[in-house]
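Computed from a predicted structure; not experimentally measured.
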Amino acid sequence: MADAAFNSDAVNMSSKKRSGSSDDQWEQFSAAKKHQVMNKTQPPHAEDPAAALANARHEFGEHGGVNMSIEASATFTVMEPETMRRMFTGELGPDRDFFIYSRHFNPTVLNLGRLMAALEGTEAAYCSASGMAAISSVLLQLCSSGGHVVASRTLYGGTHALLTHFLPRACNITTTFVDIRDHEMVRREIVEGRTKVLYFESVSNPTLTVANVPELCRMAHEKGVTVVVDNTFAPMVLSPARLGADVVVHSISKYISGGADIIAGAVCGPASLVNSMMDLHQGALMLLGPTMNPKVAFELSERLPHLALRMKEHCRRALVYATRMKKLGLKVVYPGLEDHPDHALLKSMANKDYGYGGILCVDMETEEKANRLMNHLQNSTQFGLMAVSLGYYETLMSCSGSSTSSEMNAEEKELAGISPGLVRMSIGYNGSLEQKWSQFEKALSRMQDSSLPKKI
């Protein structure tokens, strides 16, 4: 059996058959990338992501509704018996409105994928049931047994665990972790012919290290290596594919959802990759089945149009709070501050007018101090909520070392620069800015008062 494939504009589909081997599929792609770098024909950093979304095709409802219809069916009927055979051979496919089964392609999920491709500036995209499903499926598609990955040592804890423990045990795929700022180290660890993927986060979780996307892509492509970038922390702010990355992954559960009510992920990249991942014989998304519910895809499609407005407010408030917190004498980590080591780099890569990200960190040095601060911020003044995740309209706070990075051991956390008292704050936009800042100041004052010796 063969499946229908994305065509090059990521809007329609074609019924072109493909070979199954992931190594064969990516050998030609990697060679083309290497040739592109050597000839200095990298695409320019251009289109505003909000404009790209607005230019994407608007999907109307079945009866002319301004919103698209939800195709909730798991399976799809045909009018003639011969049609089913032609669909399974790849002769007929979604490009001509022929669908087989929603684990393969679903019209509503397909539409969300088209919007994600527009957002990230890639040929194609398809969506999954979670961000980790997107990450693991991409790596399994790009790497066969014996494959090698070079990855940033500062990653989301779940991704770090996948690369450190699961993939070596289950798939014989190994990873070398590097300081993503140390380009000589990155270059040294990429072994041409062996390394398949260079993996990093555009803005790291939780330390907010900013990766030099163009330079890292240049180094990887010179050796025929595919670059996969997790852009969960910086949608709209950064566009890694427009800066040279081959594949962009997202946990859509975060900023793109914005409501802390949906778990979802996305893979954005070349049509050849998305096609290979949906292949009926060897596709990681198709065969492992992390299928997105079309009702979820509909919800997310309705939220993408106002992502730009939300991101701008997240980022505006984060910069204001980070600046004020620093003036109070707190140890603040935020790439929008001029003393952040990656401030100039982020400014040079960022899309205009979106700011520097909606997350900041306050390093309280010890977990005990971090917990006291968060307790006052939530339970004394209602500045925010103690919860993992990010991108919600309320501020979310967590002590990263004992929560979202707890999969890492003490040595790994130290190498990644994760202090025991690092408080990650995803800054929300609920309430007025001054109202929420007043709540922060009151909580900090109460914390300081409670630490003073009591008079007898």
Can [X] and [Y] be counted as having a side-chain donor-acceptor contact under 3.5 angstrom?
X	Y	result
T207	T209	yes
R372	N375	no
H148	T175	no
H306	R310	yes
R242	N351	no
D363	S419	yes
E201	N231	no

Please work out whether the ring planes of H160 and F177 are parallel, tilted or perpendicular, with thresholds of 30° and 60°.
-> parallel
Where does the angle between the aromatic ring planes of Y356 and Y334 fall among parallel (under 30°), tilted (30 to 60°) and perpendicular (over 60°)?
-> perpendicular
Sorted by chain and residue number, the ring pair (Phe, Tyr, Trp, His ring centres under 6.0 Å) partners of Y392 (sequence neighbours excluded) come out as none
Report the residue from M364, K369, M397 that forms a side chain to side chain contact (heavy atoms under 4.5 Å, CB included) with M374.
-> M397
Take atom CG in L337; do more than 12 heavy atoms of anything else shown fall under 6.0 Å from it?
-> yes
Are H314 and Y429 an aromatic pair by the rule of ring centers under 6.0 Å?
-> yes
Would you please indicate if the ring centroids of H376 and F383 are separated by under 6.0 Å?
-> no
Take Y255 and F233 through the test ring pair (Phe, Tyr, Trp, His ring centres under 6.0 Å) and record every step on the way to the result.
-> CA-CA 8 Å; Y255 282 114; F233 267 38; 7.5 Å; no
Hey, is the main chain of L345 close enough, under 3.5 Å, to the side chain of S348 for a donor-acceptor pair?
-> yes
May I ask you to decide whether [X] forms a salt bridge with [Y], counting only side-chain N to carboxylate O separations under 4.0 Å?
X	Y	answer
R218	E222	yes
E313	R317	yes
E365	K331	no

Could you walk me through whether E192 and R194 pass the salt bridge (Lys or Arg N to Asp or Glu O under 4.0 Å) check?
-> CA-CA 6 Å; E192 189 167 1; R194 177 171 175 256; over 6 Å; no
